[in-house]
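Notes to accompany the following structure.
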There are 2 protein chains.
Amino acid sequence: MVTIRDVAAMSGASIKTVSRVLNNEPNVRPEMRERVLQAAHKLNYHPNMAARSLAGRQSYMIGLFYENPSPNYVVNIQTGALDRLRGEPYRLLMFPVENFKEFHGKMIAIIRSSGLAGVILTPPLSNDPEIMDELDQSGVPYVRVAGTEPRPGSPCVAIKDMIAAREMTRYLLGLGHRRIAFLRGNPVHPASNARFEGYCYALQSAGIPIDPDLVIAGDFRFASGLEAARKIFALNPRPTAVFSSNDDMAAGIVQAAHEHGIAVPRQLSVVGFDDSQLASIVWPRITTMRQPISAMAYTATDIILNLLENGWNTEEIRNVELDHALIIRDSAGPPFLANVAEKEDA
Amino acid sequence: MVTIRDVAAMSGASIKTVSRVLNNEPNVRPEMRERVLQAAHKLNYHPNMAARSLAGRQSYMIGLFYENPSPNYVVNIQTGALDRLRGEPYRLLMFPVENFKEFHGKMIAIIRSSGLAGVILTPPLSNDPEIMDELDQSGVPYVRVAGTEPRPGSPCVAIKDMIAAREMTRYLLGLGHRRIAFLRGNPVHPASNARFEGYCYALQSAGIPIDPDLVIAGDFRFASGLEAARKIFALNPRPTAVFSSNDDMAAGIVQAAHEHGIAVPRQLSVVGFDDSQLASIVWPRITTMRQPISAMAYTATDIILNLLENGWNTEEIRNVELDHALIIRDSAGPPFLANVAEKEDA
DNA sequence: CTGTTAGCGCTTTCAA
DNA sequence: TTGAAAGCGCTAACAG
């Protein structure tokens, strides 16, 4: 095992100087720096993270905590974080949390024993006050993705869920729909509520009362879209459009529509949220609201890094809101054909 | 920061004894053990991984290396590995590799600097001789997922790709298909070739010559399925079935079929491979060959852990082959209706 | 600009 | 069955 001492010996510098070079610290003659670098290269030297962490009382591990969201979501988050980490000495450690209720009280132990330098929290963990309390107590910087509750000392990266959902609802309204069903997400994810608010807001602004029969419970998963579809199809008169809180459930509705011989969008418009891979894979391709999940994770990671490296303090970092975008595809259209066609068919 | 010294002080033992208790080493009086455990608990003590790694000259990090497969694949692999790691002191570090050709020569550096205890390789990395050479050189145990080339000293977890593909082809044959197109995967993934072999084998056994026009290149991605569909639809006479090397591409073919008004499976049967989430989300749901990806990663991780903990040597571990399973859904059926209907339609 | 010294928190000798 | 001492490879503090 080649250590900093070997590099020092070969380059004729002290270990401290080698350390300076390796950490890009100032106060080293360029010539000396060069010599050290060459020795390190020749010896195929690589610093030992464990020793570095121990001596420097800091680690180079960022923990990504998540609880069972859709696979696409995790991958996108992970990709964004990893993209930001590329070229940095930091590494990404995955912490899947089975049940965040049972997770309470364990955060500090994990941080301590894994020596995490920073933490990224995804929903629903990003809105769990107990977990955040523990994090505050631990002192490691943490950034929340898609958190909604503002919290002093804890930056958060999100999109404007309410506004985005309102926009989507208005799009449907603009198409001429009046009976629009809404498929809610898992209520422990606050984004789910924000999206519902946006839906309500848009309807009310248009003078359309919220019909409770048109608001269906769901949990963000494909299967719950399938289930919801059954309820929606049984409604009389049937809504002409469904706004699903995410794409997975929207895909479920589309599949169920195929099975029931209901043409999308001719007889039923379906729109989703996220613009996940799914949305463009099912047929018809789903009109959806793009949420820049990877970019959110990238930004969250960037904030962590700045907190760590540049000594930003959390006070100066306000929440960051990224842009959403309406992606128009093939699953939504005007309603008028739908009802007519339906009655003729029957 | 509470250290082993604090626990020693409180329990009245030496730090060595505390260390013994914490590591479940023998030669500690039960009574003493109890006292130490209580002190540790009372102080909310958690061992520092960095110190442990440094002093013990070993680490508790398992690196998962992957290059750009489909999101579902990564998630499944990750889930399997994480499941096995639950309750163990080991952590999973993610190493996305952009381009495995450029990756050559970097493996040792990464292992050294991150202090990896073990490595899990997924395709196509699991079949790259240069990477495996570096790994051999580094001395850390590594297990390959879905590798095909046998390699002494390196265990591998896989399924019988060739056999599975042969089975699927025979299923199609059994349905009555004679013109069966095959959509290849990315050729750098050896599983891709094994599946093609299985297809050829089955056809030849049935006395059907391989028609090169029916073998289409693909790269495992949805978009390549879309492209391939165009070529397949242009064939005259059109094949009555398509066997796609994975579900992503099969989903592409299904989508294209919808766009071209080709009914699946009535006019064209489509089957995939993997049984990824996609297969049951698109409509019609895709008949596919289930590959237990999570289980493979679980097993790979299990092997690594045994190598590490129980001092297994790689000689005694042969390759492990897990079972595949044909999952019959709605995208494949008998061919006879197809051609008839087509001609009548025209 | 450079080097010396003293740890970081733990495990590993090896002696009691 | 237990403990004292000596590091693991690196960085921090301070002295040159």
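Note on naming: letters A, B, ... go to the chains in the order of the sequence lines (proteins, then strands), and numbering restarts at 1 for each one. It should be emphasised that the depicted structure is a prediction, and the values quoted were computed from it without experimental measurement.
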Carboxylate-amine/guanidinium proximity below 4.0 Å for Glu88(A) and Arg84(A) |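 Looking at Arg84(A) together with Glu88(A), the answer is yes, because their closest N to O distance falls below 4.0 Å.
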Is any NZ, NE, NH1 or NH2 atom of the basic residue among Asp133(A) and Arg151(A) found under 4.0 Å from an Asp or Glu carboxylate oxygen of the other?
->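 A salt bridge is present here (some side-chain N lies under 4.0 Å from a carboxylate O).
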Axis bend over the full length of the helix from dC1(C)-dG16(D) to dA16(C)-dT1(D), computed from five pairs that close each end, to 10 degrees | 30°
Rounded to whole angstrom units, what separation is found between the [atom1] atom of [X] and the [atom2] atom of [N]?
| X | N | atom1 | atom2 | answer |
| --- | --- | --- | --- | --- |
| Asn27(A) | dC1(C) | CG | C1' | 6 Å |
| Glu31(B) | dT2(D) | CD | C1' | 13 Å |
| Met1(A) | dG9(D) | CE | C1' | 9 Å |

Val21(B) versus Leu37(B): any side-chain heavy-atom pair under 4.5 Å?
->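 Yes, their side chains come closer than 4.5 Å.
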Quick one: does Met49(B)'s side chain get under 4.5 Å of Ser53(A)'s, heavy atoms only?
->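 Contact flag for Met49(B)/Ser53(A) side chains = no.
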Per Leu54(A) side chain, nearest of listed nucleotides dT1(D), dC1(C), dC8(C) = dC8(C)
Closest contact, heavy atoms only, Ser126(B) versus Arg144(B) =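 Closest pair (atom of Ser126(B), atom of Arg144(B), distance): O-CD, 3.2 Å.
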Just by distance, do the side chain of Arg91(A) and the backbone of Pro89(A) share a donor-acceptor pair under 3.5 Å?
->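 No; zero donor-acceptor contacts below 3.5 Å.
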Can you tell me if Ser294(B) uses its side chain to pair, donor with acceptor, with the backbone of Asn76(B) under 3.5 Å?
-> yes
Residues that Tyr90(B) engages under ring-ring contact (aromatic ring centres under 6.0 Å, His included), provided they are two or more places apart | Tyr60(B)
Is the distance from OP1 or OP2 of dT2(D) to the nearest side-chain N or O of Ser14(B) less than 4.0 Å?
->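 For dT2(D), OP1/OP2 do not have a side-chain N/O of Ser14(B) under 4.0 Å.
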Identify all pairs in which a protein N or O lies below 3.5 Å from an N or O of nucleotides 10-12 of chain C, and state each distance.
from	atom 1	to	atom 2	distance (Å)
dC10(C)	OP1	Tyr45(B)	OH	2.4
dC10(C)	OP1	Asn48(B)	N	3.1
dC10(C)	OP2	Ile4(B)	N	2.4
dC10(C)	N4	Arg5(B)	NH2	3.2
dT11(C)	OP1	Asn23(B)	OD1	3.4
dT11(C)	OP1	Asn23(B)	ND2	3.0
dT11(C)	OP1	Arg52(B)	NE	3.3
dT11(C)	OP2	Ser19(B)	OG	2.7

